[in-house]
Amino acid sequence: MSGIECKPYVIDAGYLLPPSLADFLGPEDEVYIFREVTEHLDINCLDSDFNGMGQHPYHPRMLLRLLMWGMANRVVSTRKIEVAARRDISFVYLAGGQKPDYRTLARFRRRNTKEIKKVFKETVLLCAGLGMVNLGHIALDGTKIKANTSKHKAMSYGRMKVEEERLEKEIEELMQQAEAVDMEEDEAFGKDNNGYNLPEELQRRESRLEKIRQLREELEEEKRKEQHLKPEQVPVIKDKEQRSFADRAARMMLMKRGEFDYAYNAQACMEASHGVIVAGDLTNEASDMGHLPTMVEEVRELRDELGLDETKKETVVTIDSGYFSAENIQQEGEGIELLIASGREDKEPVESAEADLKEGEASKKVYPLKRFEYVKETDSWRCPDGRLLALKETLMTNGQPSLWSYICQSCEGCSSGAHCLKHGEERRTLAIKEKQLIRAEMRARLKKPEKQAIYRKRKWVAEQVIGQIKDGLGFRGVTMRGKEHARGQWLFTCAVHNVMKAVRFISGIRKGGMVPATAC
């Protein structure tokens, strides 16, 4: 333009932008740092959308950036991202002036679902390189993510059988009607002329019958595998067991506000120092119990990648009571210590012994094992009154200890005797199995003040990150159907969370002038 001097605006990474574009974004816009951070991600695993047929090829890094930046700005729809790449200045900058359509973005996202795990791992390693991951304290938690289906597009097993029977009868009746009409039209039009097509009602019922039958057979095959049955055996299935026609991998789960809906169970391990998600997964198992071994193994692998052995540093993983079991407790070791809550203690029994009497006989209710504290140092138990139960004998099975018997040294004058001793028992005895001993050790560990101080941090570490994903990024449900695609979308969200953590971490350092502007 005449009379205006055009000077290129140069940012720290060396990108040249027209003055108008730079003026709109501003020199401190975090989109610059976002571009730098994503430049350091190894994306060789991603497949670009180019088949050699002459269309304009798009670089996978550019497509990944648009999808990530869209998620970071609560834009998930590829159609809206396509519009933003033409109108929104930050999207135009990341697209480099290119204009991929929504089909290209959607195909790229769907095609690379299985590779998102590697991209997520890259974000973890990038954050670790920035010093944001020290693996001192990690909080494991799960959250229910709504599936892309509705309760109205589902059917219970009992109704499947009823509907199949009803539709079969209706189809048979319609076929009989069709044959009668066929005979009438043969007389009217002649046998060689087609005077009608298959009735639409018949087609609709046959199609619906096929869908219901297929869904029922899939459910029966799934339950047959769970119950370890042969193909010819009939599995046990409750009539209330439901499956969705729209997303058959989704399962009915109890959501946060108390209602049931089709969802997936998303897992995440959050690092306490900066809230980086270091491990994640998503399944259609409603219970959290079975997810712990996989998550712990991923943390262990990350420790190996970062060069942390058992002698250098130990990682403490804090976990809520939903994961509490003897099998999960045994997953610790090799540099990992688990702190798993056992749940709330039972309510205190009534104070008066008379209240525990029923028709002149002592109540069978006595203090449960949870009320006794295991003392690992002395291999003894402490009762609610503070008295010790010492080891009496150990029973062996196949050369291995299987049952430990502990007996109280003295129960005379104990204030809790009415609630602790069984009818006719003079001294309280505990028969402890191996799994009970493992769980008791964990309960005793969590009663130590130093362990309680660590565990108290778990709630804000885990809940804060889950809140940032659900409220900050607006991710409360998957938009893709099928377990693999849902898992990919969850891990992609975790990767975006980590990238934005890195962006804001670098932005904070640069504003403080602690590192060069080009450092990442």
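All values reported here derive from a predicted model rather than from experimental measurement.
Remark: side-chain polar atoms of R382 are not paired, donor with acceptor, to backbone N or O of V375 under 3.5 angstrom. A donor-acceptor contact shorter than 3.5 Å is absent between the side chain of N73 and the backbone of V75. Judged purely by atom type and a 3.5 angstrom limit, S405 has no side-chain atom pairing as donor or acceptor with the backbone of K392.
With sequence neighbours excluded, the residues satisfying ring-ring contact (aromatic ring centres under 6.0 Å, His included) with H274 are F505. Applying the salt bridge (Lys or Arg N to Asp or Glu O under 4.0 Å) test to R476 and every residue at least two apart in sequence or in another chain returns D471. Taking D288 as the reference, nothing meets the salt bridge (Lys or Arg N to Asp or Glu O under 4.0 Å) condition, with sequence neighbours excluded. For R487, the salt bridge (Lys or Arg N to Asp or Glu O under 4.0 Å) partners are D281, E484, not counting sequence neighbours. For F372, the ring-ring contact (aromatic ring centres under 6.0 Å, His included) test picks out no residue, with sequence neighbours left out.
Across all non-hydrogen atoms, the minimal contact from Y262 to M252 is CE1-CE, 3.5 Å. Between S321 and S342, the shortest heavy-atom contact is CB-C, 4.0 Å. Across all their heavy atoms, K313 and N134 have their closest contact at NZ-O, 2.9 Å.
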Please report, to 0.1 Å, the donor-acceptor pairs under 3.5 Å made by any side chain of residues 455-465, with sequence neighbours excluded.
{"residue": "Y455", "atom": "OH", "partner": "I319", "partner atom": "O", "Å": "2.9"}
{"residue": "W460", "atom": "NE1", "partner": "K457", "partner atom": "O", "Å": "3.4"}

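Ion pairing between a basic and an acidic side chain is recognised when a charged N comes within 4.0 Å of a carboxylate O; R61 and E122 show no such pairing. Taking a cutoff of 4.0 Å between a charged side-chain nitrogen and a carboxylate oxygen, E30 and R504 qualify as a salt bridge. Salt-bridge formation is not detected for the pair E285/R251: no Lys NZ or Arg NE/NH1/NH2 atom is positioned less than 4.0 Å from an Asp or Glu carboxylate oxygen. Using a 4.0 Å cut-off between charged nitrogen and carboxylate oxygen, K451 and E337 count as a salt-bridge pair.
Checked against D261 for a side chain to side chain contact (heavy atoms under 4.5 Å, CB included), the options K144, M253, M255 give a single hit: M255. The side chain to side chain contact (heavy atoms under 4.5 Å, CB included) with I277 is formed by just one residue from the set I469, T123, I138, L491; it is I469.
Between F34 and W69, the distance separating the two ring centers is shorter than 6.0 angstrom.
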